[in-house]
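Chain letters run A, B, ... following the sequence lines, proteins first, then strands; residues in each count from 1. Just so it is clear, the model here is predicted, and its values are computed rather than measured.
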Protein chains: 2
Amino acid sequence: MAFPSDRTPHGALGRQPLYAQVRERIVAAIESGEWDAGEALPSEFELADRFGVSQGTVRKGLDALVAEGVLRRRQGLGTFVAAVDDDWGRALPFGARQPIEATVELLSCSRVNGGEAAEALELRPGAPLISVVRLVRVLNEPFAVIESAVSLERFEGLDARRIRQADCNLRAVWWREFGLRVQSRSPVFRAVRAAREEARILGVSLDAPLLEVSAIAEAMGGGPVEWSVSRCRTDQYAYSVDGG
Amino acid sequence: MAFPSDRTPHGALGRQPLYAQVRERIVAAIESGEWDAGEALPSEFELADRFGVSQGTVRKGLDALVAEGVLRRRQGLGTFVAAVDDDWGRALPFGARQPIEATVELLSCSRVNGGEAAEALELRPGAPLISVVRLVRVLNEPFAVIESAVSLERFEGLDARRIRQADCNLRAVWWREFGLRVQSRSPVFRAVRAAREEARILGVSLDAPLLEVSAIAEAMGGGPVEWSVSRCRTDQYAYSVDGG
DNA sequence: TAGTGGTCTAGACCACTTG
DNA sequence: AAGTGGTCTAGACCACTAC
């Protein structure tokens, strides 16, 4: 079903190229829940008809979303909405190139008043945040502690139950419960000494070197949404990014 | 109307799409030195004529190289060969997003017989390599030590003089002297304790935590060429990737 | 066989930069 | 005004996957 406004792309939407407008409309449709993860989109020609453009233009819009990891295509089959990846990178055995599967566990979900995180999220200093702390295990051994923070106002109603329901995949929660597809920007790395609390949780000695990975994730429409910092022990596995 | 096979030799090498062949031929021309860094390529229509394809097909080939950072386009001006970036990431002041300029200095260039590096480069165990050690300074303070290794056989004639002539930018040497455009794959990260030698060079205490970044760089035609491992102190600046 | 993504063309027009 | 990249179309055909 095509809304009348679907066929007037040259109008008031700010003169972006048509393929960019197509991309935005598809993102909006995904965020609105029109197609779920794993579900097929209409064919390129159907989308072209719906948006009033040619197949090549639809295709260029889809290309961008495939490159961003939001969509996957299989020739002869269709175009599908990708599952939301968990964000925190991958654990690589030394020398290997294939990451090892990891499990994630929720340690805490609490309200805090943000300092550094609030600034990174472009909120006022001391704005109320929700802080989520998770533990990543590889082969049942502790690998990383991830602290994530989001605006309390924007994610009202977030609690431990909802996070566990989504297998502790925060990106999945943002999408299913709050209608936001979120993606990380380039992370930033440091090497630090383990503090007491981290050392205890990760099972390393005090002052052991830990890899610190800080990242800010943005909604696809723009604007920072999620601040996170991971601390990883890298004595057994190395850390690689590879994921949005 | 010309069939693709009329003008393009895609019978033997496994039928790649025309735009991929265009990409390869442009890479080959760049590596052969037909256009230098900063120089403009012929217009899209001229290239289309030269390769016997349409402008849209040339454009799609150029798109790929622009995405890889090999080319830059400016509307109304032309398409230009990008300068080769140095590889080892960027030093970021905490909280900032703009990296700080760094200077690179050559510490040594010597022949070694490779262990881990030879394996990563898909050479036989113990194959002769050239090892290049460089020091990166930020605001004149030591920031990172980079050890790189390449096949001695492939890069015969490499010496300290040639490296210094290129301002210690190894990628520039690979291109100008050996005709190879080289790009990094995803790096891998660890946190380690500083060994004696590194601690001395970087000016940190023994056992201080250092960020270790390992990467393998490949030629654009495929195949690993350069193995490298950096050790960075991250007490003053954080480390970000951002570059191919 | 029918429907999907994947490629390619020829031509048109727009937006930008330089003389 | 001329030349460049940037966008868009309509239609064609190919390659793959299902039924």
*Rounded to whole angstroms, how far apart are CD on B:Glu44 and P on C:dC8?*
16 Å
_Euclidean distance, atom CG of residue B:Leu62 to atom C1' of D:dG5 [Å, nearest integer]_ = 10 Å
*With distance as the sole criterion, is a donor-acceptor pair present between the side chains of B:Gln21 and B:Gln16 under 3.5 Å?*
no
*Kindly say if A:Arg73 contacts the phosphate of C:dT4, meaning a side-chain N or O under 4.0 Å from OP1 or OP2.*
no
*Is the distance from OP1 or OP2 of C:dA15 to the nearest side-chain N or O of A:Arg15 less than 4.0 Å?*
yes
_Candidate nucleotides C:dT4, C:dG6, D:dG6, ranked by approach to the side chain of A:Glu46 - the nearest_ = C:dT4
*asked:* Rounded to whole Å, please give me the gap between CD in A:Gln21 and C1' in D:dT7.
replied: 12 Å
*Which of these nucleotides, D:dT7, C:dG5, C:dT9, is closest to any side-chain atom of B:Ser54?*
C:dT9
_Spacing of CG belonging to A:Leu62 relative to CG belonging to A:Leu41, to within rounding of 0.5 Å_ = 7.0 Å
*How is A:Gly78 classified with respect to the nucleic acid when contacts are heavy atoms under 4.0 Å: base, sugar-phosphate, or nothing?*
sugar-phosphate
_Other residues, nucleotides and ligands only: do more than 12 of their heavy atoms fall within 6.0 Å of CD on B:Glu39?_
yes
*Phosphate OP1/OP2 of D:dT7: any A:Lys60 side-chain N/O under 4.0 Å*: yes
*asked:* I need the CG-C1' distance between A:Leu18 and D:dT9, as an integer number of Å.
replied: 11 Å
*Among C:dT7, D:dG5, D:dA18, which nucleotide sits nearest the side chain of B:Arg59?*
D:dG5
*Tell me: CG of B:Asp63 to C1' of C:dT7, nearest whole Å?*
14 Å
*Nearest to the side chain of A:Pro17, which nucleotide is it out of D:dG11, D:dC8, D:dA15?*
D:dC8
*What is the distance, rounded to the nearest whole Å, between atom CZ of A:Phe80 and atom P of D:dA18?*
9 Å
*Is any side-chain nitrogen or oxygen of A:Arg74 closer than 4.0 Å to OP1 or OP2 of D:dC16?*
no
*asked:* Starting the side chain at C-beta, find the nucleotide from D:dG6, D:dT4, D:dA18 nearest to B:Ser43.
replied: D:dT4
*asked:* Just to verify, which of A:Arg134, A:Arg164, A:Arg137 counts as forming a side chain to side chain donor-acceptor pair (under 3.5 Å) with A:Glu105?
replied: A:Arg137
_From C:dG5, D:dT7, C:dT9, nucleotide with atom closest to A:Thr79 side chain_ = C:dG5
Pairs of donor and acceptor atoms involving the side chains of residues 215-226 of chain A, under 3.5 Å and at least two apart or interchain, shall be tabulated with distances.
unit_1: A:Glu218; atom_1: OE2; unit_2: A:Arg185; atom_2: NH1; d: 2.2
unit_1: A:Glu226; atom_1: OE1; unit_2: A:Arg171; atom_2: NE; d: 3.3
unit_1: A:Glu226; atom_1: OE1; unit_2: A:Trp174; atom_2: NE1; d: 2.8

_Options D:dT9, D:dA18, D:dG6, nucleotide nearest the side-chain atoms of A:Leu77_ = D:dA18
*Phosphate-side-chain proximity, A:Tyr19 and D:dT7, N/O vs OP1/OP2 below 4.0 Å*: yes
